[in-house]
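In what follows, chains carry the letters A, B, and so on, assigned in the order in which the sequence lines appear, proteins first and then strands, with residues in each chain numbered from 1.
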Amino acid sequence: MKAISSQIKGVEDNAKLIVKSFFSEYDKTPIRLKIIDAFIVYALLTCATQFLYCFVVGSFPFNSFLSGFFCSLGFFTLMVSLRMQVDPQSTEFKSLLLERAYADVLLCGFLLFLIVWNFMG
Amino acid sequence: MGARQSSGFLTLTLITFTVLIQSSCAADWAQVAKSVSLEAGATGNFGSSLSDAYYGSGALTLLGAKGDIKSEAVCPMAEKELGKASVNLEAAYFASHVLTQASCAKVSGKEAAEAVARQALGKEAPHACTGYMALSTLAALGKSPSAGEIKNALVPLSKHKAGKGRLKAGSKGVPSLKATACGYLAGAEANSMGSLDSDSAAAVEALVAGIPQVLESASRSSLWSDADEDALEAMSMLIKGMDETCSSECSISQHQLGEVGRELIRAGDVSSIKDAYHVLQGMAALTGSGKLPLPVRLQLTSATVRLKEGVLSIEAADLKGNTAPALQLKGSLTKGKKGTPQELSFSAKGQGRYEAAVPKTETALGTHQLTVTATSKEDGAKIASETFNVALVGAVEVPSAVLAVKRLDPASTKQKEELEYPQQLQKPLALQPGTQLKVVFTPVWDPVPAKAFTPQQAFLSLKSTASGRLVVVAAKAGKDGAYTASLTPEAIATQIGSEGGDFNATLSVADDGIEKGLVWHVGIVTVTHASSASPAASASQLLNMPKPEIHHIFQAPGKRPPAAVSLVFTVLSLAPLGYLLIHLSRLGVNIKGLPSGGPALLTTVAFHGGIAAILVLYFIFWVRLTLIDTLLPLLLLSIFTFYFGFLALRRSAKVEPGLKQE
């Protein structure tokens, strides 16, 4: 019994250590990426809330549910794309201007919202 | 040729004409004669065309109405053509024959026609038809060609294709057949006008020897059945050429000639004077001299046969209408394109009549295709073949019908009557809102023993006794052969509006296999509509009444959750936004990076103002606008935002080039 409890404690310590090191490393992330991360988490949480509603209550009206759900998902995708493009460690988009990436996201966002609001009913 | 042959043709054609009238083709030939008369016109000049005048006077000659040729109309046309400075061979050919056929008294220009023909024969003819036309022109003018001219005219005959028996032509098919026909005619013309040298005689002989192959290949490639104007001309010239060239040793299939004859008869409904001439010329050649074997025609005595009697009768007669010699007939009967052919055996009944019994148990009612082949009893050679459409009909009955009025909700039978044909309802059936009239019946044919029959059409019809308006509903077939027709007041309303009252109900069964369509008046049905309290509108009123309003049926709304649940989820949906705002403030997000003033601030504010305006426009679009109404302001706002966004972001990129590294 003692051995088991000591084993559990070891796992807990390891988990704490992992989380701690994750946050200490994340602190080094540029502020711009952290802001984008906040939007990503926001989009995911909104998505999860709508899914929960559909699961618990139902999908009526279905077009509204679909448009809301996919709006969150689309916004999440756009934000992830933006993060990849503005990440200073990214070698793939090194030559891409930050302003250009921002303008791209803006344009795609407008298009996404127009479609979503049209479908929402 | 024309002068010598016209009298022969006249006799032959008179015979032909008489025969054809006897052989039930009177309408066709009357049509030909009518066409010729119409084409001649009031003045008899055939529309001032020399070629038409040639065909017209030729057709009148063939019809035995040579006296109807108006020489005062056609002769000047021929003379005028020959008086021209330059005359071609075709014009000379037409003109010379018109002069002869119309027996023109005052003839001028004969010399010109002769000169043209001799000029053509002065060198080797390039085409068999050139040689034939030149020789024929001289013959029509009563002139004789020299031995050298005959040789030149027959040069193209040596170019015949041994395998197919045809002369080579620029293209295959009809032009080749026409060239071959010209070859036969040129050979016959040359033979009658003088002696041939050994080369020319051999060429003519070789060409004539290929006649069976020519007929065989033309028949195989369906050239006859696709007969257009050119094919008709080729066909007619070919038969005429064979008739003039062949002697008793010509081995020509009677069956193939019969096919040609059939196509000529089919082409009797001619559309031009040229066609009329060629049809008449072809028939005259087929039935005239007796050198060609006289084709036999098979005719179905009746295209409608009662299956109960089940006897198909065929009559065989030659083109002159005489009873054909004893033949052996075989046939097959097929229903539809995919049907299995049933072999039929015909037996002779005398007088050229043959009968075959239809196997009654295996044959269905309806239209069948009957193919009959006649062969010689002596050598088994094929004499004639024909395909007919024959309708096998029988008596169809509906022994009984069950009429029921049923309540739809809850389902229960309200009234039910069973009738036996031809009984009628003792009292009217009441068809009210919420009820349905159902009629079940089973059509059978050849009642002893009765067989279920699937008709092409089975209907229940209701006819208003007041307005005479008709409601028709098709009966649907069930698996057991029973047919069911259903009607509700609503279905009646969709057809004639809300007209109620008494209707005569009738069952109708029709099919091309039914000898006589079945119509059974089953009685009166009284129809009441939900809104028929007011007296029934007249037919004209119904016609002018507004159409019933269309009520769209939408999907019923789903069940909504309790308000508390909705409220909880509203809060939950807003929670991520709260998290975002809190987290952003923790990260220290601010607007300090905005330009402090001047045009830079203006462009930045305008850019962000544009973004906000687009989002506001989206909201208004969602609330009240249509997509079309939204697109124009969106376009304007997009241009505005794009312009200021471009300025603002360009400035940002210049000011903070290393921003990505932050």
Evaluate B:Phe642 against A:Leu107 for side-chain contact (heavy atoms from CB on, under 4.5 Å), listing each step before the verdict. CA-CA 10 Å; B:Phe642 175 81; A:Leu107 180 68; over 6 Å; no
Is it true that, when you exclude A:Phe65 itself, more than 12 heavy atoms of the residues, nucleotides or ligands shown sit nearer than 6.0 Å to its CZ? yes
Roughly how far, to the nearest 0.5 Å, is the CG atom of A:Leu114 from the CG atom of B:Leu627? 6.0 Å
Of all heavy-atom pairs between A:Lys34 and B:Leu587, which one has the smallest distance, and what is that distance? CD-CD2, 3.6 Å
More than 12 foreign heavy atoms under 6.0 Å from CZ of B:Phe640: is that the case here? yes
Which atoms of B:Leu577 approach chain A - backbone, side chain, both or neither, heavy atom under 4.5 Å: both
Begin with the C-alpha distance, continue with both residues' side-chain angles, and end with the deciding distance and a verdict on side-chain contact (heavy atoms from CB on, under 4.5 Å) for B:Phe607 and A:Leu106. CA-CA 12 Å; B:Phe607 174 46; A:Leu106 207 60; 3.5 Å; yes
When the 4.5 angstrom heavy-atom criterion is applied to A:Leu52 and chain B, the contacting part is both
Bottom line for B:Ile611: the part with an atom under 4.5 Å from chain A's heavy atoms is both
Which heavy atom of A:Glu99 sits nearest to which heavy atom of B:Ser652, and what is that distance? OE2-OG, 2.9 Å
Under 4.5 Å heavy-atom distance to chain B, tell me which part of A:Phe39 shows up: side chain, backbone, both or neither. both
Under the criterion side-chain contact (heavy atoms from CB on, under 4.5 Å), I'd like the reasoning laid out for B:Val589 against A:Ile31: C-alpha separation, chi angles, the key distance, then a yes or no. CA-CA 9 Å; B:Val589 173; A:Ile31 181 90; 5.7 Å; no
Kindly give the heavy-atom pair with the smallest separation between B:Pro561 and A:Tyr53, and that separation in Å. CG-OH, 3.6 Å
Could you tell me whether the side chain of A:Phe60 reaches within less than 4.5 Å of the side chain of B:Arg560, counting heavy atoms only? yes
Assert yes or no for the condition that the ring centre distance of A:Phe113 to B:Tyr618 is strictly below 6.0 Å. no
Heavy-atom proximity to chain A below 4.5 Å, by part of B:Leu580: side chain
State the CD1-NE2 distance between A:Ile35 and B:His583, to the nearest 0.5 angstrom. 9.0 Å
Could you tell me the separation between the CG atom of B:Leu617 and the CH2 atom of A:Trp117, rounded to the nearest 0.5 Å? 9.5 Å
Does any heavy atom of chain A fall under 4.5 Å from the side chain of B:Phe619, the backbone, both, or neither of them? both
How far apart are the C-alpha atoms of B:Leu634 and A:Phe110, what are their side-chain angles, what is the distance that settles it, and do they pass the side-chain contact (heavy atoms from CB on, under 4.5 Å) test? CA-CA 10 Å; B:Leu634 179 61; A:Phe110 280 144; over 6 Å; no
Got more than 12 heavy atoms from elsewhere within 6.0 Å of CZ, A:Phe62? no
Within-4.5 Å side-chain heavy-atom neighbours: B:Pro576 and A:Thr49: yes
Are more than 12 heavy atoms from other residues, nucleotides or ligands located less than 6.0 Å from atom CD1 of B:Ile591? no
